2 protein chains.
Amino acid sequence: MKARRDVFQAIADPTRRAIIGLLAKETLTLNTVADNFNMSQPAISKHMRILTECGLVVIVKQGRERHCSASFSALQEVAQWAAQYRHFWSNRLDTLEQLLNE
Amino acid sequence: MKARRDVFQAIADPTRRAIIGLLAKETLTLNTVADNFNMSQPAISKHMRILTECGLVVIVKQGRERHCSASFSALQEVAQWAAQYRHFWSNRLDTLEQLLNE
DNA sequence: TTTTTACTAAACCAAATGGTTATATATCAT
DNA sequence: ATGATATATAACCATTTGGTTTAGTAAAAA
């Protein structure tokens, strides 16, 4: 697995986006997260590792359990990247879209 | 290559994000785009195909040239997905809001 | 102390990704 | 008609991805 994680690459996977969605509601243990998906616990463990490596999830060890919480500040990079192009779809359509919609 | 394209997966690659950045300034032919990167023309052709498949780029054939323009409405999905978690990092909301209101 | 439980780590695998080079094709210029 | 240009397509390749199963380990429960 790659050493340095990128948040854009982390959210590319739908399972990982779903994990973030779950953790937005509440902190969950790794196994509880895994219960929500149709895949093995080690698979979720791997996804969780990717999410922690880019700062989207923080894991707190509590006994034998791993309590996973989302850390949304890492999403700012994504939000800002998308937002820089916002004027292209907000006030007006870009010229090409205008052409296509005619 | 996968049949159905996902915008999250499309923007996961830094080269493709850079292409979007270029096309935000102006419409460019495929070769002109390729000139901006240290990779072959077929490589850019492939990236462009992924970008068109998820609606982020529209290509207009003009003679032997392919005029590529960004179509940013596909980014709304990304912006909205990130925005739903915005209140979690709202202490820095002012910065993002400034950006959005530009 | 023994056995569950919660998780990690390792070995493995098929498929996808991101690149290459070589070749084909259509259009434009001469 | 011939050659150059813009791009596509194909074949190929190494690496990454996303999953699996099978151990191992540490903590809790019995």
Side-chain angles (χ1 to χ4, degrees), chain A residues 1-23 26-70 78 96, chain B residues 1-23 26-71 78:
Chain A
M1 286 194 177
K2 218 189 296 176
R4 206 59 199 85
R5 280 296 163 183
D6 176 39
V7 67
F8 287 95
Q9 193 248 330
I11 64 168
D13 185 85
T15 301
R16 286 194 291 268
R17 288 200 302 280
I19 290 174
I20 291 170
L22 281 174
L23 298 182
E26 52 184 332
T27 293
L28 295 172
T29 65
L30 201 138
N31 266 359
T32 315
V33 171
D35 288 344
N36 287 271
F37 297 93
N38 190 24
M39 62 181 73
S40 68
Q41 174 266 317
I44 297 297
S45 229
K46 281 185 174 187
H47 281 305
M48 211 60 88
R49 184 172 227 276
I50 290 168
L51 288 168
T52 54
E53 277 176 357
C54 73
L56 273 170
V57 165
V58 175
I59 297 186
V60 175
K61 291 164 82 165
Q62 200 164 317
R64 61 184 162 178
E65 293 177 341
R66 300 294 184 272
H67 293 257
C68 311
S69 329
V78 176
L96 184 73
Chain B
M1 285 191 178
K2 218 189 298 178
R4 207 56 201 89
R5 279 298 162 182
D6 177 39
V7 67
F8 286 95
Q9 193 249 330
I11 64 167
D13 185 85
T15 302
R16 286 195 290 267
R17 288 201 301 281
I19 289 174
I20 291 169
L22 281 175
L23 297 183
E26 52 184 332
T27 293
L28 296 172
T29 65
L30 200 138
N31 266 0
T32 316
V33 171
D35 288 343
N36 287 272
F37 297 92
N38 191 24
M39 62 181 74
S40 66
Q41 170 266 314
I44 297 297
S45 231
K46 281 186 173 188
H47 281 306
M48 211 59 89
R49 183 173 228 276
I50 290 168
L51 289 168
T52 54
E53 276 176 359
C54 74
L56 273 170
V57 165
V58 174
I59 298 185
V60 173
K61 292 164 80 164
Q62 201 164 315
R64 60 186 163 178
E65 293 177 340
R66 299 295 184 271
H67 293 258
C68 311
S69 329
S71 176
V78 176

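Quick caveat, the model's predicted, so the values are computed rather than measured.
Note that the OG1 atom of A:Thr15 and the NE2 atom of A:His47 stand 4.5 Å from one another [nearest 0.5 Å]. Remark: B:Ile11 CD1 to B:Ile19 CD1 distance equals 13.5 Å, nearest 0.5 Å. The CD atom of B:Glu65 sits 13.5 Å away from the NZ atom of B:Lys61 when rounded to the nearest 0.5 Å.
Under the side-chain contact (heavy atoms from CB on, under 4.5 Å) criterion, A:Arg64 pairs with no residue at all, not counting sequence neighbours. Remark: A:Ala18 pairs with A:Phe37 by the side-chain contact (heavy atoms from CB on, under 4.5 Å) rule, at least two apart or across chains. Residues satisfying the side-chain contact (heavy atoms from CB on, under 4.5 Å) test with A:Ser69, not counting sequence neighbours, are A:Thr27.
For D:dT16, the OP1/OP2 oxygens have no side-chain nitrogen or oxygen of A:Gln9 closer than 4.0 Å. Considering only side-chain N and O atoms, B:Arg49 lies nowhere under 4.0 angstrom from the phosphate OP1 or OP2 of D:dA8. For the pair A:Arg16 and D:dG18, the criterion of a side-chain N or O lying under 4.0 Å from OP1 or OP2 is met. Residue B:Ser45 has no polar side-chain atom (N or O) positioned under 4.0 Å from OP1 or OP2 of D:dT7.
Rounded to an integer number of Å, the gap from B:Leu51 CG to C:dG18 P is 11 Å. B:Glu65 places its CD atom 12 Å from the P atom of D:dA8, with the value rounded to the nearest Å. Note: CD1 (A:Ile50) to C1' (D:dG18) measures 8 Å, nearest angstrom. Distance, B:Met48 CE to D:dA6 P: 15 Å, rounded to whole Å.
In this structure, the side chains of A:Ser45 and A:Gln41 come closer than 4.5 Å at one or more pairs of heavy atoms. Inter-residue side-chain proximity for A:Leu28 and A:Cys68 is flagged as unmet; no heavy-atom pair is nearer than 4.5 Å.
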What string of B, S and - do you get for nucleotides 19-30 of chain C 5' to 3' if you count protein non-hydrogen atoms under 4.0 Å?
-> BBBB----BB--
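Pairs engaging residues 10-20 of chain B under the salt bridge (charged side-chain N to carboxylate O under 4.0 Å, His left out) rule: A:Asp6-B:Arg17 [sequence neighbours left out].
Within residues 27-37 of chain B, the residues having any heavy atom under 4.0 Å from DNA chain D are, by residue number, B:Thr29, B:Leu30, B:Asn31.
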